Asker: 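Quick one: structure below, then a few questions.
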Amino acid sequence: MIRADLHIHTKYSQDSSINPKTLVDQLFAHASVKAVAVTDHNTVEGYGKVQELANPFKDILIIPGVEITTPEGDLLVLGVAELPPQPWNVRDVIDFARRNGGVVIVAHPYREYGLGSLAKNYDVDAVEVLNGGTPSNLNRLAENLAREMRRPGVAGTDAHNVDELWTVSTEIQASLDLDEALCSMKKGLVKACPCSRSIHF
Ligand SMILES: [Zn+2]
């Protein structure tokens with residue numbers, strides 16, 4: 001089993017201040033979270049930089065990702081290190097991810113820029129039921145949505161600054177291997193967990 005944060009913004013997102021090197025250093029030092037998905041807004045540049053810096057380290061995993069803004073709401077695409085072709089609408093982004101072996105997650109469905117109940121119209125892989133930047137009542141609605149859609153629930157901090165890192169994580173029944181982790185997410189072998197930073201650092 002590994003623990004991963006599936007939703008992190010680096011400074012390659014215009015609204016984030018997280019330095020890729022700080023992220024890699026903290027991930028390496030962390031006692032239990034050993035994988036992160038870099039999900040900058042509409043760019044995979046941040047992932048490229050973090051991956052490059054993480055390369056010399058053997059016991060951490062950087063999952064390629066992006067948070068795509070669509071008119072209906074935000075989608076996280078994991079496992080694909082390139083952007084879908086524009087224009088970005090939910091159905092085409094999902095098709096692109098499928099063709100490229102990626103995983104699609106409905107980001108913070110009930111927060112601003114969330115898909116809300118529209119998510120039910122789409123064949124996504126998982127729902128973000130624990131988003132670090134979302135009030136708990138809205139996370140609970142997301143949990144209900146996942147249950148209704150019979151989709152696994154995952155967690156991500158949605159960190160935009162270093163203080164927001166490591167507050168929640170997703171347990172994935174996989175080893176520290178990208179293909180295995182993506183496969184387990186698709187099979188629903190995941191669990192969203194709040195985790196106390198003080199215990200793990
Ligand atoms: Zn985000």
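As the structure lists them, so they are numbered: ligands from 1, and atoms in each ligand from 1. Residues take their numbers from the sequence shown, with the count starting at 1. Values in this document were obtained by computation on a predicted structure and should not be read as measured data.
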Asker: When you measure from the Zn ion (ligand 1) to each N, O or S atom of Asp158, which atom gives the shortest distance?
Answerer: OD1
Asker: Please calculate the OE1(Glu67)-the Zn ion (ligand 1)-NE2(His7) angle and round it to 10 degrees.
Answerer: 100°
Asker: Are the charged groups of Arg111 and Asp158 less than 4.0 angstrom apart, N to O?
Answerer: yes
Asker: Is the distance from the ring center of His160 to that of His41 below 6.0 Å?
Answerer: yes
Asker: With the threshold set at 4.0 Å, does a side-chain nitrogen-carboxylate oxygen contact exist between Lys49 and Glu52?
Answerer: yes
Asker: Would a hydrophobic clustering, with Ile, Leu, Val, Met, Phe, Trp and Tyr connected at side-chain separations under 4.5 Å, put Phe57 with Ile18?
Answerer: yes
Asker: Is the Zn ion (ligand 1) under 2.8 Å from any N, O or S atom of Asp74?
Answerer: no
Asker: Please determine if the Zn ion (ligand 1) has an N/O/S atom from His108 lying under 2.8 Å away.
Answerer: no
Asker: Between His41 and the Zn ion (ligand 1), is there a contact where an N/O/S atom of the residue lies under 2.8 Å from the metal?
Answerer: no
Asker: Students often mix this up, so state it plainly: with edges at 30° and 60°, are the rings of His30 and Trp166 parallel, tilted or perpendicular?
Answerer: tilted
